[in-house]
Amino acid sequence: MNIHIPRGTEDLLPEQTKTWQIIEDTLKQLSERYHYHEIRTPMFERTELFQRGVGDTTDIVQKEMYTFTDRGGRSLTLRPEGTASVARSYVQNKMHGNPEQPTKLYYLGPMFRYERPQQGRTRQFTQFGIEAIGSADPAIDAEVIAFAMDCYQDLGLKSLKLVLNSLGDHESREAHRQALVDHFKPHEDELCSDCQMRLEQNPLRLLDCKVDQDHPSMQNAPSILDYLNDYSQQYFIDVKKHLDAMGIDYVVDDALVRGLDYYTHTAFEIMSEADGFGSITTLSGGGRYNGLIQDIGGPEISGIGFALSIERLIMALEAEGISLDSEDELDCYVITMGDEAKFAGSKLVYQLRKAGFIVDQDYLDKKMKAQFKAADRYQASYAIVIGESEIEQGVANIKRLEDGEQKTIAIDDVKAQIEQGL
RNA sequence: GCGGCCGUGGCGAAGUGGUUAACGCACCGGAUUGUGGUUCCGGCACGCGUGGGUUCGAUCCCCACCGGUCGCCCCA
């Protein structure tokens with residue numbers, strides 16, 4: 001083994017890309033139905049975009065970014081997520097000026113995070129996501145959540161759990177933050193070192209600490225839901241009412257905290273409950289970001305979005321035993337014997353392909369028996385045999401492999417014969 | 001970034017400090033000089049992740065590195 005694939009990356013081989021194509025097609029069709037349009041942004045951005053957009057205190061920015069300096073001395077970063085780039089493009093292209101509002105966008109592509117790889121977590125992974133920018137209507141929060149659920153349901157997944165929370169607006173968050181600090185400060189010495197740091201930087205994260213989850217102070221920790229101001233509370237109620245109206249089930253979990261700084265109000269995650277899923281059960285996540293556009297220099301416009309990992313989606317499909325593979329079947333396999341016949345074979349294969357059939361032939365100089373085996377393995381409907389004697393008579397043998405039925409006809413009539421069956 | 005487990009042919013998988021590294025699938029050839037899917041026979045690792053070390057001798061023991069996997073952190 002000479003040069004190995006970089007750690008945490010993977011090749012997708014033909015037997016897998018088929019599945020990917022089906023998933024991508026499904027997601028794109030879904031996007032059209034929900035009236036979202038594709039946006040493609042660069043795979044790398046100025047590093048400041050993520051520092052400001054994703055948040056300096058987040059793990060992503062602090063220890064997971066692929067950052068490098070280009071030859072012009074600029075600090076660039078391979079995108080670790082999609083929202084910051086979309087928001088940047090929204091601002092740069094002044095999309096808030098477009099007549100169609102809100103702006104509804106989707107994207108699909110690789111993201112990069114420097115992490116210790118394990119199943120469901122690679123250093124390059126693929127996200128599909130949507131962003132609806134320019135509306136602060138609870139109805140569109142529900143639309144985004146419904147869209148997220150449909151991504152899985154359209155592919156046949158059943159064991160799903162939608163977890164919902166509200167992080168409130170800025171005022172509510174601040175009140176809650178202060179309450180958290182007041183609550184945990186007396187116990188600071190008893191908490192793990194990570195939590196001691198969280199207390200300073202991001203007290204919200206204390207709530208989903210695994211180390212200290214049994215600590216008595218966790219039991220009666222202040223819940224964000226108790227600190228929502230009137231507006232935030234009503235917003236959350238309305239989102240739930242829209243979901244109820246659509247018949248979408250969810251569970252509210254006030255411990256659901258998202259890892260990116262820009263979230264406000266609605267936050268949600270979709271998890272797989274299928275057996276055989278390891279510790280990583282989160283399939284997708286999203287939420288509302290009412291300060292993000294402004295944070296990166298745009299107008300005061302709010303948005304909401306979500307992102308899912310195609311890799312984890314495929315894991316979920318496998319866990320539920322759903323296969324999207326379609327048969328890769330040939331219409332015809334052309335078998336030739338002898339040098340002259342090879343030329344006639346090339347001509348016939350070409351003509352049949354032009355006529356729209358899926359056709360192949362042997363390129364390894366195999367014996368006839370081996371050529372038949374190949375035709376069989378490729379599940380060809382017909383084998384067309386051309387040898388020296390057929391060349392002399394200008395004919396070809398067409399054999400229907402399913403039942404062995406065979407006919408000899410003029411080689412120029414093969415196309416017509418295949419078109420109407422035997 | 002931390003801890004546990006693991007790394008044998010295209011794939012799955014046995015195995016031992018010492019002549020030819022089981023077996024299954026796949027593949028190739030033959031039985032049947034031009035007709036497949038069955039059967040039978042035969043072939044298929046100068047090598048046991050990489051590099052060092054211990055040893056008379058290592059795939060098997062030790063170390064480092066690389067990679068995978070599980071858990072933690074965190075997340076999609």
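Within every chain, numbering begins at 1; the chains are lettered A, B, ... in the order of the sequence lines, protein sequences first and strands thereafter.
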Rounded to whole angstrom, note down the [atom1] distance from [N] over to [M].
{"N": "B:G12", "M": "B:A26", "atom1": "C1'", "value": "11 Å"}
{"N": "B:U50", "M": "B:C44", "atom1": "C1'", "value": "26 Å"}
{"N": "B:G67", "M": "B:G51", "atom1": "C1'", "value": "15 Å"}
{"N": "B:G34", "M": "B:C48", "atom1": "P", "value": "41 Å"}
{"N": "B:C11", "M": "B:U16", "atom1": "P", "value": "23 Å"}
{"N": "B:A14", "M": "B:C23", "atom1": "P", "value": "15 Å"}
{"N": "B:C5", "M": "B:C41", "atom1": "C1'", "value": "43 Å"}
{"N": "B:C62", "M": "B:C2", "atom1": "C1'", "value": "24 Å"}

What's the [atom1]-[atom2] distance between [X] and [N], to the nearest Å?
{"X": "A:Y333", "N": "B:G37", "atom1": "OH", "atom2": "P", "value": "15 Å"}
{"X": "A:I130", "N": "B:A76", "atom1": "CD1", "atom2": "P", "value": "15 Å"}
{"X": "A:K407", "N": "B:U35", "atom1": "NZ", "atom2": "C1'", "value": "18 Å"}
{"X": "A:I5", "N": "B:G68", "atom1": "CD1", "atom2": "P", "value": "9 Å"}
{"X": "A:K63", "N": "B:C72", "atom1": "NZ", "atom2": "C1'", "value": "10 Å"}
{"X": "A:Y382", "N": "B:G37", "atom1": "OH", "atom2": "P", "value": "21 Å"}
{"X": "A:I335", "N": "B:G36", "atom1": "CD1", "atom2": "P", "value": "10 Å"}
{"X": "A:D403", "N": "B:G36", "atom1": "CG", "atom2": "C1'", "value": "13 Å"}

Identify whether any heavy atom of [X] sits under 4.0 Å from a base atom; if not, whether one sits that close to sugar-phosphate; answer base, sugar-phosphate or nothing.
{"X": "A:G82", "value": "nothing"}
{"X": "A:E115", "value": "base"}
{"X": "A:I310", "value": "nothing"}

Within residues 104-114 of chain A, find the residues that approach RNA chain B with a heavy atom at under 4.0 Å, and present them sorted by residue number.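 RNA chain B contact set from residues 104-114 of chain A: A:R113, A:Y114.
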
Under 3.5 Å donor-acceptor pair, A:Q406 side-chain atoms to B:U35 base atoms: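 Yes, the side chain and the base share a sub-3.5 Å donor-acceptor pair.
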
Is a side-chain N or O of A:E320 found less than 3.5 angstrom from the main chain of A:K158, in a donor-acceptor match?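 Present.
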
Is a side-chain donor or acceptor of A:D141 paired with a backbone partner of A:V239 at a separation under 3.5 angstrom?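 Side chain of A:D141 to backbone of A:V239: no pair is present.
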
Quiz item: cation-pi between A:R123 and A:Y114, 6.0 Å / 45°: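 Yes; both conditions hold, so A:R123 lies above the ring face of A:Y114.
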
Can you confirm if the NZ or CZ of A:K240 lies within 45° of the ring axis of A:F236 and under 6.0 Å from the centre of its six-membered ring?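 Judged by the rule, A:K240 and A:F236 form a cation-pi pair.
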
Residues [X] and [Y] bridged, charged N to O under 4.0 Å:
{"X": "A:E405", "Y": "A:K407", "result": "no"}
{"X": "A:D360", "Y": "A:R353", "result": "yes"}
{"X": "A:R121", "Y": "A:E311", "result": "no"}

So, do A:F128 and A:Y106 have ring centers that fall under 6.0 Å from each other?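 Between A:Y106 and A:F128, which both carry aromatic rings, the centre distance is below 6.0 Å.
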
How does each nucleotide of nucleotides 2-11 of chain B score, in 5' to 3' order, for protein heavy atoms under 4.0 Å: base (B), sugar-phosphate only (S), or none (-)? BB--------

Apply the syn/anti split at 90° from 0 to B:G52 and say which one it is.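 Classified anti.
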
Do you know the tightest heavy-atom contact between A:F50 and A:T77?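 Nearest pair, atom of A:F50 first, then A:T77: CE1-O, 3.7 Å.
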
Just jot down the salt bridge (charged side-chain N to carboxylate O under 4.0 Å, His left out) partners of A:K354, sequence neighbours excluded, or say none.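 Counting only residues at least two positions away or on another chain, A:K354 forms no salt bridge (charged side-chain N to carboxylate O under 4.0 Å, His left out).
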
Residue [X] excluded, over 12 heavy atoms near [atom1] under 6.0 Å:
{"X": "A:F44", "atom1": "CZ", "value": "no"}
{"X": "A:K161", "atom1": "NZ", "value": "no"}
{"X": "A:D339", "atom1": "CG", "value": "no"}

Residue whose nearest RNA chain B nucleotide is more 5′ - A:G404 or A:R7: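 The residue closer to the strand's 5' end, by nearest nucleotide, is A:G404.
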
Specify the residue among A:E402 and A:A307 whose closest nucleotide of RNA chain B lies further upstream toward the 5′ end.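 Whichever sits nearer the 5' end wins; that is A:E402.
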
May I ask you to evaluate whether A:Q119 reaches the phosphate of B:C70, defined as a side-chain N or O under 4.0 Å from OP1 or OP2?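 Answer yes for this pair, as a side-chain N or O of A:Q119 is under 4.0 Å from OP1 or OP2.
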
Contact under 4.0 Å: A:Q118 side-chain N or O vs B:G68 OP1/OP2: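 So the side chain of A:Q118 is outside the cut-off, no N or O lying under 4.0 Å from OP1 or OP2 of B:G68.
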
I'd like to check, for A:F372, whether its ring lies over the base of B:G37 with centroids under 5.5 Å apart and a plane angle smaller than 30°.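 No.
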
Considering only B:C70, B:G36, B:A76, which nucleotide approaches the side chain of A:D376 most closely?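 Closest nucleotide among those given: B:G36.
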
What are the atom names and distances for every N/O pair under 3.5 Å that joins the protein to nucleotides 28-34 of chain B?
residue : atom : partner : partner atom : Å
B:C28   : OP1  : A:K366  : NZ           : 3.1
B:G30   : OP1  : A:K367  : NZ           : 2.8
B:A31   : N6   : A:K369  : NZ           : 3.3
B:G34   : O6   : A:E388  : N            : 3.3
B:G34   : O6   : A:S389  : N            : 3.1
B:G34   : O6   : A:S389  : OG           : 2.9
B:G34   : N1   : A:S389  : OG           : 3.4
B:G34   : N1   : A:E390  : OE1          : 2.9
B:G34   : N1   : A:E390  : OE2          : 3.3
B:G34   : N2   : A:E390  : OE2          : 2.6

Just the dot-bracket of RNA chain B, please: which string comes out with Watson-Crick or G-U pairs under 3.5 Å, [ ] for crossing, | for another strand? (((((((..(((.....[....))).(((((.......))))).....(((((..]....))))))))))))....

Got a sec, which residues hit side-chain hydrogen bond (donor to acceptor under 3.5 Å, both in side chains) with A:D376, two or more places apart in sequence or on another chain?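 Testing A:D376 for side-chain hydrogen bond (donor to acceptor under 3.5 Å, both in side chains), a comparison that skips the adjacent residues, returns none.
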
From A:D154 atom CG to A:D150 atom CG, the distance as rounded to the nearest 0.5 Å: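 Interatomic distance, A:D154 CG to A:D150 CG, rounded to 0.5 Å: 5.0 Å.
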
Candidate pair A:D331 and A:I418, rule side-chain contact (heavy atoms from CB on, under 4.5 Å), full reasoning: CA-CA 9 Å; A:D331 293 316; A:I418 297 288; 5.5 Å; no

